[in-house]
Visitor: 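To start, I am sharing the structure in question, which I have written as structure tokens.
Residue numbers begin at 1 in each chain, while the letters A, B, ... track the order of the sequences.
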There are 2 protein chains.
Amino acid sequence: MYNVNMKAEHLHRLIWMSRPLMQAAEACVEAGLIGTNLSVRMRAVLEILDKYGDQTVPELAARLEIKRQYVQIMCNETLASGFIEQRSNPRHKRSPILALTDRGSAVIEEIISKEMKLVEELGENLSNEDVATALAVVSAVTDSLKKRAGESE
Amino acid sequence: MYNVNMKAEHLHRLIWMSRPLMQAAEACVEAGLIGTNLSVRMRAVLEILDKYGDQTVPELAARLEIKRQYVQIMCNETLASGFIEQRSNPRHKRSPILALTDRGSAVIEEIISKEMKLVEELGENLSNEDVATALAVVSAVTDSLKKRAGESE
DNA sequence: GTCAAAATGACATGTATAATGTCAACATGA
DNA sequence: TCATGTTGACATTATACATGTCATTTTGAC
């Protein structure tokens, strides 16, 4: 039927827009980081710490959905740059809690607010409902795809 | 203002859904390739050839927006597996035209049709208009982001 | 037709992001 | 205390590209 194929085609295009969208978004983030001495992955560490509070490397890894061994590297880098620091962990002596330093806190909050302003500007030509609809559709599609991919492993 | 922030927040979430969406989509493609002796990048070569017809490596590279040197590798792999073959190019003796073999043609068309069926299933719970809206929003956001990132380079 | 410039394939090397594997130190709980 | 789990550190591998260079061949301007 005409409408069915049209819908599938739109959906197909929507799914494969995800890559250009991601690349464009990442390029913007990267551009916003120039002059801060931050890398994209250091920014990711700071963002989680700012959003969810102080935590250990394994906790960060779980939230980022990246293997802890790699997150460890990201965090060591960030530690070396002085944006975060280690605090002793009462719950585990070998796993210090990572916390933002004043400098790290200031840097990440400035970056996030700059990014948020950019997002607001992006939304200027879009209606509230359309954005909400888009988010709902993309979320639903992502969930379905995740379920599919999960089944066959 | 309430609505403004809400919209920005939704938009922010929408933008950063792109990564999970992409990963889920790629995982599905990969899962669908099991048993075909095809890799994801070989599939990409076959798809372009099937969609846009026989062409040379540099033409493929332009369409994939990947550097020709890497596309060359992808194509050589695909050639070695017998899914495509070289035909002499009347326009350029050193640049053979790549064409699907019967086997390659059969394989890619089966895969594409399987994938399309999956997309149609994904769309079952979504309305025509919502999908169209989502595509329009995502396209608009991607374009804006691309423009931003482009400016600062 | 000649000759410089562009296109092409082949190859080598570099980079970013991440997964995987392993080990030893330490912590925890039965 | 002893088995088991957690953590950090380190090494290796994989993927997906980009970049650079070279020789050949083709093309286009004259």
Visitor: Starting from P on D:dC17, measure out to CG on B:Leu64 and report it in whole angstrom.
Guide: 9 Å
Visitor: Check whether any side-chain heavy atom of B:Glu26 lies under 4.5 Å from a side-chain heavy atom of B:Met22, and answer yes or no.
Guide: yes
Visitor: If you take all heavy atoms of B:Ile97 and B:Pro90, which pair is closest and at what distance?
Guide: CD1-CD, 4.4 Å
Visitor: Distance check needed: C:dT28 C1' versus A:Asn89 CG, whole Å only.
Guide: 14 Å
Visitor: Rounded to the Å, how far apart are A:Glu26 CD and D:dC17 C1'?
Guide: 14 Å
Visitor: Are B:Asn76 and C:dA10 close enough that a side-chain N or O sits under 4.0 Å from OP1 or OP2?
Guide: yes
Visitor: Nearest whole Å is fine: how far is D:dA16 C1' from B:Met22 CE?
Guide: 11 Å
Visitor: DNA chain C: A:Arg41 or A:Arg68, which has the more 5' nearest nucleotide?
Guide: A:Arg41
Visitor: Using atom CG of A:Leu60 as one end and atom C1' of D:dT6 as the other, report the distance to the nearest whole Å.
Guide: 16 Å
Visitor: Check whether any side-chain N or O of A:Lys7 sits under 3.5 Å from a backbone N or O of B:Leu126 as a donor-acceptor pair, and report yes or no.
Guide: yes
Visitor: Taking for each residue the nucleotide of DNA chain D bearing the nearest heavy atom, is the 5' side occupied by A:Pro96 or by B:Pro90?
Guide: A:Pro96
Visitor: Provide, to the nearest angstrom, the distance between the CE atom belonging to A:Met42 and the C1' atom belonging to C:dT17.
Guide: 16 Å
Visitor: Tell me: CE of B:Met74 to P of C:dG9, nearest whole Å?
Guide: 14 Å
Visitor: Side chain of A:Pro58, heavy atoms from C-beta onward: which of C:dA18, D:dT7, C:dG9 has the nearest atom to it?
Guide: D:dT7
Visitor: Reckon B:Ser95 has a side-chain N or O less than 4.0 Å from the OP1 or OP2 of D:dT26?
Guide: no
Visitor: OP1 or OP2 of C:dT17 sitting under 4.0 Å from any side-chain N/O of B:Arg19?
Guide: no
Visitor: Examine the base of D:dG8 for any acceptor or donor lying under 3.5 Å from a partner atom in the side chain of A:Gln69, and report the outcome as yes or no.
Guide: no
Visitor: Tell me whether B:Glu110 at atom CD has more than 12 heavy atoms from other residues, nucleotides or ligands lying less than 6.0 Å away.
Guide: no
Visitor: Using a 6.0 Å cut-off, check whether atom CG of A:Asn37 has over 12 heavy atoms from anything other than its own residue.
Guide: no
Visitor: Starting at atom CD of A:Glu30, determine the distance to atom C1' of D:dA18, rounded to an integer number of angstrom.
Guide: 14 Å
